[in-house]
Amino acid sequence: MALYEEQTLKIYNSLSSQKEVFQPIHEGHVGMYVCGPTVYSKVHLGNCRTFMSFDMVYRYLLHLGYKVRFVRNITDAGHLEDDADQGEDKISKRARLEKIEPMEVVQRYTVDFHNILRKFNLLPPSIEPTATGHIVEQIEIIKIILDRGYAYEKNGSVYFDVQKFNKVYHYGKLSGRKLEDMIANTRELTAQDEKKNSQDFALWKRAEPQHIMRWPSPWGEGFPGWHLECTVMSTKYLGETFDIHGGGMDLKFPHHECEIAQSEASYDKSPVRYWMHANMLTLNGKKMAKSTGNNLLPDEIFSGENKILSKPYPPSVIRFFMMQAHYTSILDLSDEALLAAEKGYTRLMDALDLMEHLPVSSSSDLDLKGWRQRCYDAMNDDFNSPVLIAHLFEGVKWIHLIREGKQTLDAGGKTLFQDTMKGFVFDVLGMESAHAESVDTEKLDGAVQLLIKMRNKARADKDYATSDEIRDALSSLGIQLKDGKEGTTYSL
RNA sequence: GGCAUCGUGGCCGAGUGGCUAGGCACAGCUCUGCAAAAGCUUGUACAGCGGUUCGAAUCCGCUCGAUGCCUCCA
């Protein structure tokens, strides 16, 4: 029996604004799409939080035993920097500034993106399609929308007719907007604007002569509109209706709203059962923006080369910090908060090491099954990782109590306890073992054990000068000795 | 200006009508040769003002503030 049959997962659906019991279209299988990055510069931290949130979602679904097809795209076709017809796209602009080919820009920042996500221990998606690899499909869907009368062509560009669409469907249902309000609120169209109405969005844009990224189409040379690629790639790999669509809060409108409109206009079907939106990351209480300097790149955090934080923090600590907040809450990053997260993370990891050597008794006086279910309940409640972590710290407390003989654990209980702790910490939360990087662990361990032995002999002889010298020397190397009832252990 | 989300103890961050969140920091105690580690104990917080209710951090209204969207953006 798969775990998902025992657990009832609820997901907060942005479309209905409430938590709903998750039921996949095909029993045992989940299709999930997440909007990926536009690869025209280095990924920034907020981006990473969104992808990390959905990595956690992906991991928990896998943990529950679902077969998940997880699609996350790469936006490598240039999209205009503003709404004006004459605008330059972001990738071409970067190419011009760096004096390289647009595809070189794409390659460079795709590699950077993958590197950073790997450091954060994100699982790669099942499929990572690119927009430029799906130009043909995008042209095909534009034809369908034109045929069904929800788009119009103007001077080699094709626009989606929002007002016409809204007569039959509901444009704005995801973001809670009314088209009338939006019309009342928008500026007059400029004379040279090709759109019938300012809410209309481009499905295809004619390429100006200087535009480098361009493809032939029935409407002349041009490039696809931004919202289209997600519609095309999600339906191609997941079907016309699929289970979960995720992305950052800021994509809710207009991007996701337009995706719904495109799908409904093409297939007369709502594309997504559960819409999930991850919330923003702020820095010292303010939005991150390059222009104000209130900005941090992941590498600047790892290296410590920045003016905002007091020290470098490893990726695993950042990940733990982010997992301590719910994905739908705004999370504020600060030096103080990271410092606290790092200590908590270390305590958790140290306890996990100690867990290997817990004494086993003939009986157990801990309610492990109840505790395990509370861990699942937390995750089942819209992926509440902070509550899960609270329960894991209860586990940490037990580990210490068992070591000191104040609680007991039988053999079966030990296995259940270990599997549960490790399952949640490593598989679900995606934490990495603290000592994964050290190569010569065994040699080091031998050397430290020898020193511990020498120190304890000195202590027995009341030669505290020697014992303290050993302790202080190890301490300055970053090795901390911990004297317990059962002997001395250490942590790095 | 419009729409949306949110405002919790020294800091971070769950909770969403009555019952312990958790982490970090602080203090006391236990342990220790001394420390560290670990354990135990203590903190009565929910932006402000009104209202609903037997009872509200939790529901309603207003005010203030933050963030997001309305234009490319995770």
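Please read all numbers here as calculations on a predicted model, not as lab measurements. Every chain is numbered from 1, with letters handed out A, B, ... down the list of sequences.
Counting heavy atoms from C-beta outward, A:I452 and A:L481 have side chains that approach closer than 4.5 Å. Counting only heavy atoms from C-beta outward, the side chains of A:H277 and A:H256 approach each other to under 4.5 Å. When side chains are defined from C-beta on, A:D243 does not count as touching A:M32, because their heavy atoms never get closer than 4.5 Å.
Residue-level contact check: A:K397 touches the backbone only, with heavy atoms under 4.0 Å from sugar-phosphate atoms and none from bases. At a threshold of 4.0 angstrom between heavy atoms, the contacts of A:A278 with the nucleic acid are absent. Base engagement by A:L281 is indicated by at least one non-hydrogen atom pair under 4.0 Å involving a base atom. Across all strands, A:R403 comes closer than 4.0 Å to no nucleic acid atom at all (heavy-atom distances). Looking at heavy-atom distances under 4.0 Å, A:S329 makes contact with sugar-phosphate atoms alone, never a base. No contact: A:K462 has no heavy atom under 4.0 Å from any strand. No contact: A:H255 has no heavy atom under 4.0 Å from any strand.
Classified by interplanar angle (parallel below 30°, tilted 30° to 60°, perpendicular above 60°), the ring pair A:W398/A:W371 is tilted. Classified by interplanar angle (parallel below 30°, tilted 30° to 60°, perpendicular above 60°), the ring pair A:F383/A:Y60 is perpendicular. Below 30°, between 30° and 60°, or above 60°: for A:Y171 and A:F253 the angle between ring planes is above 60°, a perpendicular geometry.
The distance from atom CG of A:L352 to atom P of B:A37 is 20 Å, rounded to the nearest whole Å. One can place CG of A:L401 at 17 Å from P of B:A37, the figure rounded to the nearest angstrom. We find that CG of A:N279 is positioned 9 Å from P of B:C6, with the value rounded to whole Å. Computed from coordinates, the A:H400 NE2 to B:C31 C1' distance equals 15 Å when rounded to whole Å.
For the pair A:E98 and A:R108, the salt-bridge criterion is met [side-chain N within less than 4.0 Å of a carboxylate O]. Ion pairing between A:E257 and A:K173 fails under the 4.0 Å rule for side-chain N and carboxylate O. Using a 4.0 Å cut-off between a side-chain N of Lys or Arg and a carboxylate O of Asp or Glu, A:D161 and A:K196 qualify as a salt bridge.
Remark: B:A66 base-pairs with B:U5. Criterion, Watson-Crick or G-U wobble with two distances under 3.5 Å. If you check B:G50 for Watson-Crick or wobble pairing at under 3.5 angstrom, you find it paired to B:C60. Pairing partner, B:A38: B:U30, with both Watson-Crick or wobble hydrogen-bond distances short of 3.5 Å.
Taking atom C1' on both nucleotides, B:G2 is separated from B:A45 by 34 Å, rounded to a whole Å. With both ends at atom C1', the span from B:U58 to B:G18 equals 11 Å, rounded to whole Å. For the P atoms, the distance from B:G15 to B:U71 is 32 Å, rounded to whole Å. Separating the P atom of B:G68 from that of B:G13 is a span of 15 Å, rounded to the nearest Å. Nucleotides B:C46 and B:U16 place their C1' atoms 11 Å apart, quoted to the nearest Å. Taking atom P in both B:A36 and B:C26, the straight-line distance is 11 Å, to the nearest Å. Atom name P, nucleotides B:C6 and B:G28: the rounded distance is 41 Å, in whole Å. Going from the P atom of B:G10 to that of B:A47 covers 13 Å, rounded to whole Å.
If you check distances only, the side chain of A:D483 does reach the base of B:A35 with a donor-acceptor pair under 3.5 Å. In the interface, the side chain of A:R471 is paired with the base of B:A35 through a donor and an acceptor atom under 3.5 Å apart. Residue-to-nucleotide contacts include a donor-acceptor pair under 3.5 Å from the side chain of A:D468 to the base of B:G33.
Within a 6.0 Å radius of CE in A:M103, other residues, nucleotides and ligands contribute more than 12 heavy atoms.
Listed by residue number, A:P386, A:V387, A:A390, A:F393 are the residues of residues 385-396 of chain A with a heavy-atom contact under 4.0 Å to RNA chain B.
In this structure, A:R72 is positioned above the aromatic face of A:F51, its NZ or CZ under 6.0 Å from the six-membered ring centre and within 45° of the axis.
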Can you give me the N/O atom pairs linking the protein to nucleotides 9-12 of chain B at distances under 3.5 Å, or say none if there are none?
from  : atom 1 : to     : atom 2 : distance (Å)
B:C11 : O2'    : A:E336 : OE1    : 3.4

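Note on A:N384: every side-chain N or O is 4.0 Å or more away from OP1 and OP2 of B:G13. Residue A:R347 places at least one side-chain N or O under 4.0 Å from the OP1 or OP2 atom of B:G39.
Side-chain N/O atoms of A:H255 and A:E259 include a donor and acceptor closer than 3.5 Å.
Of the two residues contacting RNA chain B, namely A:Y12 and A:G247, the nearest-nucleotide position lying further toward the 5' end is that of A:Y12. Nearest-nucleotide assignment on RNA chain B puts the 5′-proximal partner with A:K252, out of A:K286 and A:K252.
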